[in-house]
Amino acid sequence: MLDLRLLRADPEGMERRLRRRDPGIDLKPILARDEERRRLSARADELRRKQNEASEAMARLAREGKAAERDALREELKGVAAERKAVEERLQAVERELEAALLALPNVPHDSVPDGTKEEKVALRSWGEKPQFPFSPKHHVALAQALGLLDLERAAKVTGARFPMYTGDGARLEFALLHWMMELHAREHGYTPVLPPILANRASFVTSGQFPKFASEVYACPEDELFLNPTAEALLVNLHRDEVLAEEDLPRKYVAYTPCFRREAGTYGEEGRGLIRVHQFNKVELFQYTTPETSYGALEELVRQAEAVLQRLGLHYRVTLLPAGDLAQQAAKTIDVEVWLPGQGRYYEVSSCSNCEDYQARRGNIRYRPADGGKLRYVHTLNGSALATSRLFAAILEQNQREDGTVALPPLVADLLGKPVLG
RNA sequence: GGAGGGAUGGGUGAGCGGCCGAAACCGCCGGUCUUGAAAACCGGUGAGCGCAAGCUCCGGGGGUUCAAAUCCCCCUCCCUCCGCCA
């Protein structure tokens, strides 16, 4: 949600900035609604004031026993009450329209975000080297199935396509990675661990930005008006919904492990085969509530902490800056970490770190009291995966595979699993 | 799932349809006193919108009324008991 006052103060400038990400955005209808809202609101205020004043007079007349005058005033006030009711009904309708329009607007891209579409992401840096193979590296599905780490056929029987099932050492590897990442962020990076509920209510997903515009991406339990978690970001941003935090308590840093569910409606094809694009995956998510002054520093911190995971696993990756046209609705700036998958000869996103500035804080009414005792301000919220395991799992297999189809585990993983080689 | 009780300001907790943004106590802030502190005493102390006048907010929504924290209806959440259950 954007600040209406900013939209009002500089409509052309705001529209120009928003069109960097979506050329179709038009603020005129919103501003017109806002103008009507303020006009109606002023009229309603005036009528209420008249009523409040008359109410005191009514009370006085009643006390003084002046029944005739009181009755006359009452008759007069019926007209005021009727007009107020009519004005307020109209006002409410306009407010709903305005609210709906505002909820659909995306965040404003930060000035440091380049123009461009999805294909035009900017590579910032890379770490490590592409592993060289004296043979043709295999796809992680081929490796995993040969080693008994994944059972996609039975998963499809139990649930359906694109719901992976980890088996044997695959299940152990997945679980070990999740646990190790939780410990890393909790113990070394200072995050408070959270194991949240996986279903959330409608208000939560409005705050996060999933609703109303992207509701079709979310699995729903309509009987109960509950929805399956698509990313722990959507849960963690609601921890402090409708709260006022103290500046001394910022930043608040949380790390959560959750399964993530996404309908991925309309995405198909060879490109998303195996663990690349699935309806359910596991993810360790970092989340921070900060002051506006410190949020961009926090974004850099999130990226470094996501990178730390890959560095300790010895996996080659690169870091990219998303262009304006590729930002998620709630993000002002996003930096991705992409791991190298030699079986497919390309990089895939394993982490996406975003600063949402006050966009989610406004939707969820999340504020803080400045240390100097000044007015309440909205916090900034940031999220970053560190990491999503499905593609991490794939990268470990593909980057460490040997010609015979076995996998030489990185020392850290070998230690976690108590064996140096899969296969 | 069934029965009952509750939701008021940072906390506890009063509140007859009008004089209630709301008593009291606690907490917090400031002051007096003190070498310093405690105690005691005095004063102050919610938020939003607005240049202001003023308007709004007593879990949420709707209704009755000239007027609702207060009356009616619906919902949510919390507590107790029963049932079921990892």
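Just so it is clear, the structure is predicted and the values come from calculations on it, not from any experiment. Protein chains get the first letters and strands the later ones, always in sequence-line order, with residue 1 at the start of each.
- Here Glu69(A) does not pair with Arg60(A) in a salt bridge; the nearest charged N to carboxylate O distance is not below 4.0 Å.
- Taken residue by residue, residues 241-249 of chain A places no heavy atom nearer than 4.0 Å to RNA chain B.
- Spacing of P atoms, rG6(B) relative to rG59(B), comes out at 14 Å, to the nearest Å.
- Helical stems in RNA chain B, defined as runs of 3 or more consecutive Watson-Crick or G-U wobble pairs with both donor-acceptor distances under 3.5 Å, are listed by first residue as B:1-7 with B:76-82, B:10-12 with B:24-26, B:27-32 with B:40-45, B:46-49 with B:54-57, B:59-63 with B:71-75.
- Classification of Lys121(A) and Glu349(A) as a salt-bridged pair fails, no side-chain N sitting under 4.0 Å from a carboxylate O.
- Atom C1' of rG5(B) sits at a distance of 35 Å from the matching atom of rC66(B), rounded to the whole Å.
- Between the C1' atom of rG50(B) and the CZ atom of Arg8(A) lies a distance of 11 Å, rounded to the nearest Å.
- In this structure Tyr378(A) satisfies the ring pair (Phe, Tyr, Trp, His ring centres under 6.0 Å) test with no other residue, sequence neighbours excluded.
- Here Asp115(A) pairs with Arg20(A) under the salt bridge (Lys or Arg N to Asp or Glu O under 4.0 Å) rule; sequence neighbours left out.
- Arg16(A) is linked by a salt bridge (Lys or Arg N to Asp or Glu O under 4.0 Å) to nothing, counting only residues two or more places apart in sequence or in another chain.
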Side-chain donor-acceptor pairs of residues 92-103 of chain A under 3.5 Å, sequence neighbours excluded:
unit_1, atom_1, unit_2, atom_2, d
Glu97(A), OE1, Arg33(A), NE, 2.1
Glu97(A), OE1, Arg33(A), NH2, 3.0

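- The gap from the C1' atom of rG17(B) to that of rU65(B) amounts to 9 Å, rounded to the nearest Å.
- Contact between the side-chain N/O atoms of Arg377(A) and the OP1/OP2 oxygens of rG48(B) is not found at any separation under 4.0 Å.
- Annotation: rC20(B) and rG27(B) have their P atoms spaced 27 Å apart (nearest Å).
- Comparing rG43(B) with rG10(B), their P atoms are spaced 23 Å from each other, to the whole Å.
- For Arg43(A), the salt bridge (Lys or Arg N to Asp or Glu O under 4.0 Å) partners at least two apart in sequence or on another chain are Glu46(A), Glu83(A).
- In this view, Lys419(A) and Asp169(A), Arg172(A), Leu417(A), Leu422(A) satisfy the side-chain contact (heavy atoms from CB on, under 4.5 Å) rule, not counting sequence neighbours.
- Here Arg202(A) lies out of heavy-atom contact (under 4.0 Å) with every strand.
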Sugar-phosphate or base contact per nucleotide [nucleotides 55-69 of chain B; S, B, -; heavy atom under 4.0 Å]: SS-----S---BS--

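- Taking atom CG of Leu4(A) as the reference point, atom C1' of rG50(B) lies 15 Å away to the nearest angstrom.
- Remark: the separation of the P atoms in rU70(B) and rU64(B) is 15 Å, to the nearest Å.
- Judged as a salt bridge (Lys or Arg N to Asp or Glu O under 4.0 Å), and not counting sequence neighbours, the contacts of Glu53(A) are Arg49(A).
- Residue-level contact check: Arg38(A) touches neither bases nor backbone, having no heavy atom under 4.0 Å from any strand.
- Comparing rG54(B) with rG21(B), their C1' atoms are spaced 15 Å from each other, to the whole Å.
- Annotation: ring pair (Phe, Tyr, Trp, His ring centres under 6.0 Å) contacts of His380(A) (sequence neighbours excluded): none.
- Residues passing the side-chain contact (heavy atoms from CB on, under 4.5 Å) test with Arg154(A) are Asp151(A), Met165(A), sequence neighbours excluded.
- Taking atom P on both nucleotides, rC49(B) is separated from rC42(B) by 36 Å, rounded to a whole Å.
- A tilted orientation is assigned to the rings of His185(A) and His189(A), their planes being inclined by 30° to 60°.
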